[in-house]
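Working notes, beginning with the structure itself.
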Amino acid sequence: MTQPIRVAINGASGRMGRALLALIREDRRFELVHAGVSAGSDHDGKPVFGELSTSIRYSHDWQLARNANVVIDFSGPDGLAAALTHCVEHGAALVTGTTGIDASLQKQLADAASHIAVLHAANFSLGVAVLTRLLREAAAALPDWDLEIVESHHSRKEDAPSGTALALGHAAADARGTTLEKDGVFAREGRPGARHRGAIGFAVVRGGDVVGEHEALLLGQGERVELSHRATDRSIFARGALEAAAWLAGHKPGAYSIDQMLQSRQAKTTA
Ligand SMILES: NC(=O)C1=CN([C@@H]2O[C@H](COP(=O)(O)OP(=O)(O)OC[C@H]3O[C@@H](n4cnc5c(N)ncnc54)[C@H](OP(=O)(O)O)[C@@H]3O)[C@@H](O)[C@H]2O)C=CC1
Ligand SMILES: O=C(O)C1=N[C@H](C(=O)O)C[C@H](O)C1
């Protein structure tokens, strides 16, 4: 039997971390070697599965991840920066779903890809990967229609618009030969004036326990196209991230996308 992939999860005590731990426990492809939390976390030192017998405890000590083949990070910008440093120092691959990262951290991610395999995705669901392709096509086929992206998430989400909404916006802008820097509209209040031609607008809803909903509205005269995705269970993201980890482990250094992973898996199943 082949050796299991040694995985460290960063942000392990969070909503996504716990979803990952639940899946990894049942998945023989992986061996959990580290469950990372922040220094000062309430979880630091506690057993991950609530059993005193387990050898893995939540910890802020990255030394415990030194033999990991791959780190899966769903923490936050500070946690991601620490994971990135660890992975580069130890030659581990990095799968990260952390959103709300600034330009400087994005550059650090891009630079790290010269040394390690990195896969960053704002959304690990298969449905959103397909939604992104559909939106690219619709945005290009209906270049003069107004485009608005609406996203809804639970009340604890810290970043806005969501990483997925931004990724959808970038994909649509790219399909129209423009950029969000030029045509993105992120706030409307008071008298912002009429919509500018080619604008890509964003609207954000926060509340309750909404797992994640994204809708792209293409608004024409007398008709509209609505493309939407609703996640009702965050284990879909965790499952996608584990598939990415299994796929990425052993890849040579580089920046990989979820689309590349899906295409390579598709090619294998049709071969
Ligand atoms: N790409 C995708 O498919 C998805 C992406 N996300 C993104 O993943 C991220 C996490 O989301 P979610 O799980 O809901 O958030 P949570 O707040 O529930 O979890 C994040 C966890 O990270 C831990 N953490 C904070 N700082 C650090 C640090 N410096 N080092 C290590 N751990 C740290 C915290 O735990 P503690 O206090 O114990 O340290 C916290 O529990 C967000 O950016 C979110 O947008 C979410 C869902 C899907
Ligand atoms: O914070 C979340 O919960 C989610 N974040 C991701 C994002 O910002 O797009 C993905 C998903 O929608 C859930």
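Note that ligands are numbered from 1 as they come in the structure, with each ligand's atoms numbered from 1 the same way.
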Testing the basics here: between Arg239 and Leu23, what is the closest heavy-atom pair and its distance to 0.1 Å? N-CD1, 3.6 Å

Atom of Arg176, atom of Ala139 and distance for their closest heavy-atom approach: NE-O, 2.9 Å

Please output the residues near ligand 2 using a strict heavy-atom distance under 4.0 Å, listed in chain and residue-number order. Thr99, Ala122, Asn123, His153, His154, Lys157, Asp159, Ser162, Gly163, Thr164, Val211, His214, Phe237

What is the minimum heavy-atom distance between Ile101 and His120, and which atoms define it? CD1-CE1, 3.8 Å

Could you tell me which non-hydrogen atom of Ala65 sits nearest to which non-hydrogen atom of His34, and how far apart they are? CB-CD2, 3.7 Å

Relative to each other, are the rings of His86 and His90 parallel, tilted or perpendicular (30° and 60° limits)? parallel

Run the ring-centre check on His43 versus His60 and record whether the distance is less than 6.0 Å. no

Could you check if a side-chain atom of Arg206 sits within less than 4.5 angstrom of a side-chain atom of Glu151, using non-hydrogen atoms only? yes

Identify the heavy atoms of Arg29 and Ala246 that sit nearest to each other, and give their distance. NH1-CB, 3.7 Å

Name the residues in contact with ligand 1, where contact means a heavy atom under 4.0 Å away: which are they? Asn10, Gly11, Ser13, Gly14, Arg15, Met16, Val37, Ser38, Ser41, His43, Phe74, Ser75, Asp78, Gly79, Gly97, Thr98, Thr99, Ala121, Ala122, Asn123, Phe124, Lys157, Asp159, Phe237

Going by distance alone, is a donor N or O of one side chain under 3.5 Å from an acceptor N or O of the other, for Ser235 and Asp233? yes

